[in-house]
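These notes concern the structure reproduced below.
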Amino acid sequence: DQQVKQNSPSLSVQEGRISILNCDYTNSMFDYFLWYKKYPAEGPTFLISISSIKDKNEDGRFTVFLNKSAKHLSLHIVPSQPGDSAVYFCAAKTGANNLFFGTGTRLTVIP
Amino acid sequence: DAGITQSPRHKVTETGTPVTLRCHQTENHRYMYWYRQDPGHGLRLIHYSYGVKDTDKGEVSDGYSVSRSKTEDFLLTLESATSSQTSVYFCAISLDSEQQYFGPGTRLTVT
């Protein structure tokens, strides 16, 4: 049973525009959320995280929004750049427990 | 980048043979993890370790065993490989069970 879901397998965006990647979760006990970025033939790399006590966290071009009532989080990338083309994984955890990952969204930024 | 290496990077083996994958870290992180990545499933946790000789099962542990005799090494063993274990395997490390850093991955094919 997938506790973290990324319902869009792929997304294409023009360079310079905003990319919005979505993630839904079912476990209301999750209290920490992360986004990872993965290039082909490499391991995932950490991008940005957010605690459940916040509703927004920003780091440069990347912003993560958390809507606890809807059990939904999103990653905004603005402006999008061709180097952002990768697979993005959403992940969530409860306390010191392990991460649960979504299935990933492949972002393509078109020059 | 965190100092994590995985060996081998690629392996082809036959059904029924034992296989051991190695993860080596130079960061002295307490936690180590083994994941597998499959299309449509994202990353799923196989086993993890919270210290030398301390390991526990993840969500897809059947058919796998692990050992950690030193802080820096975490071994994943497939006692008798099956075709369903064809996958890309990622090792990850973590200092405090929060953010995880991933290795480059091992592509395993069981024929």
Side-chain angles (χ1 to χ4, degrees), chain A residues 1-10 21-27 30-54 57 59 62 64 73 75 86-107, chain B residues 1-10 21 23-25 27 29-51 54-61 66 74 87-108:
Chain A
D1 187 27
Q2 196 81 20
Q3 297 190 53
V4 179
K5 301 177 184 179
Q6 294 176 257
N7 293 317
S8 298
S10 63
L21 295 92
N22 294 303
C23 178
D24 297 295
Y25 60 95
T26 57
N27 189 343
F30 286 144
D31 58 8
Y32 195 67
F33 304 87
L34 306 90
W35 284 94
Y36 282 82
K37 175 180 179 179
K38 186 183 178 306
Y39 292 119
E42 295 183 9
T45 56
F46 171 75
L47 194 56
I48 192 169
S49 63
I50 187 167
S51 164
S52 60
I53 62 173
K54 296 186 174 182
N57 189 27
D59 183 2
F62 303 91
V64 56
L73 67 158
L75 174 68
V87 176
Y88 290 79
F89 290 99
C90 169
K93 68 194 302 286
T94 305
N97 294 323
N98 299 308
L99 285 175
F100 288 89
F101 284 82
T103 52
T105 296
R106 182 179 301 279
L107 173 66
Chain B
D1 287 346
I4 312 169
T5 56
Q6 293 184 229
S7 58
R9 293 294 313 279
H10 301 271
L21 308 183
C23 177
H24 178 78
Q25 61 149 327
E27 305 296 322
H29 282 11
R30 176 184 176 189
Y31 297 89
M32 298 186 75
Y33 310 82
W34 276 107
Y35 290 89
R36 59 179 289 176
Q37 184 196 2
D38 303 289
H41 290 280
L43 287 96
R44 292 180 294 173
L45 182 66
I46 304 171
H47 280 280
Y48 66 99
S49 169
Y50 44 95
D54 291 324
T55 65
D56 207 346
K57 296 179 179 179
E59 61 178 305
V60 290
S61 59
V66 290
F74 193 32
S87 187
V88 180
Y89 291 85
F90 289 101
C91 172
I93 66 173
S94 169
L95 185 60
D96 55 7
S97 82
E98 295 270 327
Q99 185 186 138
Q100 295 181 18
Y101 300 91
F102 285 81
T106 294
R107 183 172 294 277
L108 176 67

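Numbered from 1 within each chain, the chains take letters A, B, ... in sequence-line order. Keep in mind that this is a model prediction, so the values were computed, not measured.
Contact tally against chain A (heavy-atom pairs below 4.5 Å) for B:Arg44, B:Glu59, B:Gln37: the top residue is B:Gln37.
With sequence neighbours excluded, no residue satisfies salt bridge (charged side-chain N to carboxylate O under 4.0 Å, His left out) with B:Asp54.
Interface residue A:Ala41: only backbone heavy atoms are found under 4.5 Å from chain B. At a 4.5 Å heavy-atom cutoff, the contact between B:Leu43 and chain A is made by backbone and side-chain atoms alike. When heavy atoms are compared at a cutoff of 4.5 Å, B:Tyr50 does not approach chain A at all. Contacts of A:Gln2 with chain B are made by side-chain atoms alone, with heavy-atom separations under 4.5 Å and no backbone atom involved.
Annotation: A:Tyr25 is not in aromatic contact with A:Phe100 [ring centroid separation under 6.0 Å not met].
In this model, no donor atom of one side chain and acceptor atom of the other lie less than 3.5 Å apart for B:Gln100 and B:Tyr48.
Atoms CG and OH, on A:Asn98 and B:Tyr31 in that order, are 9.5 Å from each other to the nearest 0.5 Å.
The side-chain heavy atoms of B:Arg9 and B:Pro104, taken from C-beta on, include a pair separated by under 4.5 Å.
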